[in-house]
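Please read the structure below before turning to the comments.
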Number of protein chains: 2
Amino acid sequence: MEKQTITIYDVAREANVSMATVSRVVNGNPNVKPATRKKVLEVIDKLDYRPNAVARGLASKKTTTVGVIIPDVTNMFFSSLARGIDDVATMYKYNIILANSDENSQKEVQVLNTLLAKQVDGLIYMGNDISDNIRQEFSRSKTPIVLAGSVDPDEQVGSVNIDYVAAVEAATTQLIKSGSTQVALVTGSLAQPINGQYRLQGYKQALAKAGLAYDESLVFESEYSYHAGLALFPQLQKSGATAAIVGDDELAVGLLDAALDAGVKVPEEFEIITSNNTKLTEMARPQLTSIDQPLYDIGAVAMRLLTKMMNKEDIDAKTIRLGFDITTRQSTK
Amino acid sequence: MEKQTITIYDVAREANVSMATVSRVVNGNPNVKPATRKKVLEVIDKLDYRPNAVARGLASKKTTTVGVIIPDVTNMFFSSLARGIDDVATMYKYNIILANSDENSQKEVQVLNTLLAKQVDGLIYMGNDISDNIRQEFSRSKTPIVLAGSVDPDEQVGSVNIDYVAAVEAATTQLIKSGSTQVALVTGSLAQPINGQYRLQGYKQALAKAGLAYDESLVFESEYSYHAGLALFPQLQKSGATAAIVGDDELAVGLLDAALDAGVKVPEEFEIITSNNTKLTEMARPQLTSIDQPLYDIGAVAMRLLTKMMNKEDIDAKTIRLGFDITTRQSTK
DNA sequence: CTTTTGCTTAAAAACGGTTGCGTTCATTTC
DNA sequence: GAAATGAACGCAACCGTTTTTAAGCAAAAG
């Protein structure tokens, strides 16, 4: 005795109209006489009818669902973006399918394909690295895609980010001005464009403008995690650095804690500027000075851009660069 | 010149078989002659055919998608659960639609309905409070539901959690044993069952067993946020408490930082045990002792339970209680 | 050699909607 | 009063699968 699901047909019969008419009132189509609309609405209410979104999706070729590929929800940086994405998605009546990729190119391709199979209307991709595999899939697919908090060197798809070069340059300059001549750059894999290309460039520019020589031994590649920071600090010390630009907040907190645990005073003996301004920066003691990327906004704007693309509206620019700031706290003098 | 999407029909024609046969090979149905299977597979590959999951969903009444209602992805507690959920979902070929609810009962009902309209095969609900509204929707719907990290007083739906009473009792006892007679309980709204019923009960039991009187002025209701912790600490001090059980890690870090900022030594003058053992507990200095809920596992097990329910397998018990521990760090003596 | 049996496969009916097109009918217009 | 207009609405094709039913056919059985 299954609870028979009731369909648009049942409503039509009960209201003495055709399915088409019911469909119209459900979709707010104006071509329905008010009296008819009222009657249909009553029946819908009485029967407790809920349109089947899957059938709708098949017929209309729209699912009002977007796929979101995220490296790890557990990472504050990405979850902040995700929150921005979901909020404006909801605002525009979309839902998001969230899929963790662990920045693993295979998983990414895999997940991208199932997302496309599910006929998502659009896609948002987060991740530091855009592998060739995934890039290939991107250009093959005709569903709109936008990158959030990531850059696409060859602007195939939409993207929302900040000016990483300028941000790191500003941060580095600040550290130099406060007296450090040995500023370390601690970041993710240099093979990834954001790190290897942009951050490194900003770093070098700041050095150049300050008349300092670029010293490769002050550049550190590291995983983005608390423990990696803890483990890395001794090497930083050995390098003679007295300050560091760090690419990730968890990593920065690790460095900070390691410094503290080693009796190194922050910021007196060692200064730190981190990159994401997540809640973590406030929770640390001393609080961390950070490049202030508007994470939530990046997500929100990315989703907004995506809605425009899905509506086939005209886009002024496929890539949007949001402003950034440097929020000074206690890890810098 | 739209890139014509190719359908199962195209494959059938090209391979000189019927759609049914193509469907069979796609779904791994054994009733296909190897030679035929091979031919179909070749055509699929050649045409780059991808089954349309929406059509599939309509025909089979299964979407291989589950809805996940989460208060806020940005909160480590919930995102850890979410990660566990997604991982086993992926393992079982499901995708998750993630929807933030902000613990707002209206949004929850709203989102629940759109999730059901989208024909999700199952639902996972996270949230401290189960409002009457949402409970009503739960019992009305016949799609499987399980709660993750939350309790359902009247066991309507599945649920995975730990024994909150025992956990808080153990933590409180530990604090008492180390010398505190004035242990504060800092938690979320007492109107929510987990806090008002379970945590409070565990707290009282520990006091009783230690022969201490229950003092209402040592119980604090607070929002779960870092800033709330910062603001609350002075009141804690005023109450004369020398230790606290805290219901949330961010909140606990707030309390800790406020104590440190006020020159109160932790753990010498004030001890703290927090509840979720998220990464935050390690990042704080001193590191926070915490009840160790297996967050990831709770999510994972919840999803596993859900898969069983979706398969209509027999379930031994609708509610699963996972074990907990107390991980001792530096915020206790 | 005819009848069963069992494996493959084809045909076609769902699944629950959307939507273009055509029809109906009450109003206007001439 | 007949013709034209336009608003409401019904018809039916279609969306891309799954799944049931039955047919075809070769091998086994009698």
Side-chain angles (χ1 to χ4, degrees), chain A residues 2-41 43-44 47-65 93 114 116-121 143, chain B residues 2-41 43-44 47-65 93 114 116-121 143:
Chain A
E2 288 283 306
K3 190 208 286 175
Q4 179 72 44
T5 72
I6 59 116
T7 75
I8 199 174
Y9 183 74
D10 300 316
V11 176
R13 185 163 27 73
E14 187 78 8
N16 282 315
V17 298
S18 74
M19 306 170 28
T21 301
V22 178
S23 175
R24 287 191 193 96
V25 350
V26 168
N27 291 302
N29 184 314
N31 290 353
V32 180
K33 209 190 327 185
T36 313
R37 178 185 305 279
K38 183 155 170 287
K39 186 175 52 178
V40 171
L41 251 16
V43 174
I44 286 181
L47 264 42
D48 195 23
Y49 165 71
R50 273 210 219 78
N52 179 322
V54 173
R56 234 206 266 235
L58 180 58
S60 67
K61 293 171 170 297
K62 280 178 191 158
T63 54
T64 62
T65 302
K93 313 281 183 205
T114 95
L116 291 177
K118 294 212 172 176
Q119 312 295 117
V120 293
D121 296 335
T143 80
Chain B
E2 289 281 309
K3 190 206 288 175
Q4 181 72 42
T5 73
I6 60 115
T7 75
I8 199 176
Y9 181 74
D10 300 317
V11 176
R13 185 164 26 73
E14 187 77 9
N16 282 317
V17 297
S18 75
M19 309 170 24
T21 300
V22 178
S23 175
R24 285 192 198 93
V25 352
V26 168
N27 292 299
N29 185 314
N31 292 351
V32 181
K33 207 185 335 181
T36 313
R37 178 187 306 280
K38 180 153 172 289
K39 185 175 54 176
V40 171
L41 251 15
V43 174
I44 285 181
L47 263 43
D48 193 24
Y49 164 71
R50 271 209 219 79
N52 179 323
V54 174
R56 234 207 263 235
L58 181 59
S60 67
K61 291 172 172 296
K62 281 180 192 158
T63 54
T64 60
T65 302
K93 311 284 184 204
T114 94
L116 291 177
K118 294 210 171 174
Q119 312 296 116
V120 294
D121 296 336
T143 80

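The analysis underlying the following values was restricted to heavy atoms, covering all of them including side chains, and did not include hydrogens, waters or symmetry mates. Bear in mind that the values here come from a model prediction, so they are computed numbers and not experimental data. Throughout, a chain's letter reflects where its sequence line sits, starting with A, and its residues are numbered from 1.
Leu47(B) has its CG atom 14 Å from the P atom of dG16(D), to the nearest Å. Rounded to whole Å, atom C1' of dA27(D) lies 13 Å from atom NZ of Lys33(B). Computed from coordinates, the Arg37(B) CZ to dT8(C) P distance equals 10 Å when rounded to whole Å. In this structure, NZ of Lys62(B) is placed 12 Å from P of dT18(D), rounded to the nearest angstrom. Atom CD of Gln119(B) and atom P of dT17(D) are 19 Å apart (whole Å). One atom, CG of Leu116(A), and another, C1' of dG16(D), lie 17 Å apart when rounded to the nearest Å.
No side-chain heavy atom of Arg37(B) sits under 4.5 Å from any side-chain heavy atom of Val40(B). Here the side chains of Val17(A) and Val22(A) are in contact, with some heavy-atom distance below 4.5 Å. Between Arg56(B) and Asn27(B), the closest side-chain pair of non-hydrogen atoms falls below 4.5 Å. Proximity of Lys118(A) to Thr65(A): side-chain heavy atoms (C-beta onward) are nowhere separated by under 4.5 Å.
The residue Asn16(B) sits close only to the backbone: its heavy atoms come under 4.0 Å of sugar-phosphate atoms, none of a base.
The backbone N or O of Gln119(B) lies less than 3.5 Å from no partner atom in the side chain of Lys61(B), so there is not a single donor-acceptor pair.
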Test log, rule side chain to side chain donor-acceptor pair (under 3.5 Å), inputs Thr114(B) and Lys93(A): CA-CA 10 Å; Thr114(B) 94; Lys93(A) 313 281 183 205; over 6 Å; no
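For the pair Gly57(A) and Val54(B), the tightest heavy-atom approach, listed with the atom from each and the gap, is C-CG1, 3.9 Å.
When each of Val26(A), Val11(A), Val25(A), Thr36(A) is paired with Leu41(A), the side-chain contact (heavy atoms from CB on, under 4.5 Å) condition holds for Val25(A) and for no other.
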Base-contact (B) and sugar-phosphate-only (S) positions in nucleotides 15-23 of chain C, heavy-atom cut-off under 4.0 Å, - elsewhere: BBBBBB---
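The overall bend of the helix from dC1(C)-dG30(D) to dC30(C)-dG1(D), read as the angle between its terminal helix axes built from five base pairs each, is 50° when rounded to 10 degrees.
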